[in-house]
Amino acid sequence: MIVAKGIQQQLKHASWIRKMFEEGIRLKAERGEENIFDFTLGNPNEDPPPGVMATFRRLAELNRPGSHGYMPNAGFLSAREAVALRLRRETAVEFTANSILMTVGCGGAMNTALKAILDPGDEVIVPMPAFPDYEFYIANHGGVMVPVETDDEFSLDITAIKSKITPRTRAIILNSPNNPAGVIYSESVLRDLESVLQRADHTIVAISDEPYKSIVFDGGKYIEIASIISNCLIVTSWSKKWGLAGERIGYLAISPRTPDADALSNACTFTNRILGYINAPAIWQLVTAEAPDESTDISVYSDKRNLMCDGLAQCGYDVRKPQGAFYIFLKTPIPDDFEFVGLLQKEGVLAVPGRGFGRGGYIRLSLTVPRETIERSLPAFERVLKKVRAGA
Ligand SMILES: Cc1ncc(COP(=O)(O)O)c(C=O)c1O
């Protein structure tokens, strides 16, 4: 077998995603696309904002010399300056263009950062539930994921985190607003984390994964992690904010308060290159530089969140509304989330089991579906709950 043993192992581990995907295709072919309610994928179904597309068309038409070639590996200066300016305003931390590396999406930023900081066997703490690919990203660079449970509200359990720190700990991954739990970390919990990281006897960085930062509901406030955590690497993208997931445009920002920030910045420019990304997609770097204040219409997600949460609560589910991002992490009425996903599937509803994110007893529902999919799916959720209660 030519496929590496490590990858064969990882494929087995990741096979539930593939199984669900295949089952979805099978069900759609069998029962008709309109009878299947697919809540599995976090792929924004809204078009990018009109101003973003207008900038893209203008720049493509303009075709300025050098628009499509290599540029300094860290990215076009104009793009990095625009990001740094925005981060200075948002975080009050003195980010400069030198702190910024344009990347191939958020996943590219995270791999670039992990490759720069991990030696084989180094540990990365990950609060659970979490985006499943973190484990693979860490393993890509010889690291070991150290999962740590969050509290009942899915917020950081500082005592638990402290107990996981060892001489091999290099980083903790934070993701607020969180996929899948929808929680936004509070200022006080972040301050507690900062004091734990500052008291450690070696440098531990927080890698703040922020693709959902602009998707915050009910007039809530996103607490800027880089404002509070000194050793902070921001990884993010325009995948969710502008619905550009397929264009692969993001950035890594290294807080100047991080020890050895300049050396780390050099290292990341190098790792971005040797991972084969070389640089982020050129035209999209230019778009982000020239259309910097375009944002997504959050009311679309907020409306769908309310429709889904209120609908599920009326059916009798135990629902907690997400504070941000575009997922609902729903407590299952039976302990086995895989079994519950199976029951939903029989009714044409596709969802992701919580165990895939490291927390059983929940399912994740993505709100990146048309409004009417939510409306039409609610009777199916109700039928399944009735069946469960009737012990069927
Ligand atoms: C928490 C989280 N981090 C990172 C990513 C990857 O983002 P990108 O597509 O920009 O690489 C995702 C995508 O779903 C995500 O949910």
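Every number for a ligand or one of its atoms is a count from 1 in the order of the listing.
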(request) Apply side chain to side chain contact (heavy atoms under 4.5 Å, CB included) to Thr166 and Glu123, showing your working. (result) CA-CA 8 Å; Thr166 74; Glu123 295 169 3; 2.8 Å; yes

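The pair Lys321-Asp218 does not count as a salt bridge, with every side-chain nitrogen at least 4.0 angstrom from each carboxylate oxygen. Classification of Arg26 and Glu23 as a salt-bridged pair holds, one side-chain N sitting under 4.0 Å from a carboxylate O. Ionic pairing of Asp122 and Arg170 is present here: one or more N-O contacts between side-chain nitrogen and carboxylate oxygen are shorter than 4.0 angstrom.
In this structure, Tyr212 has its ring center at least 6.0 angstrom away from the ring center of Tyr301.
Within a 6.0 Å sphere centred on NZ of Lys162, heavy atoms belonging to other residues, nucleotides or ligands number 12 at most.
At a 4.0 Å heavy-atom cut-off, the residues surrounding ligand 1 are Gly105, Cys106, Gly107, Phe131, Tyr134, Asn175, Asn179, Asp209, Pro211, Tyr212, Ser237, Ser239, Lys240, Arg248, listed by chain and number.
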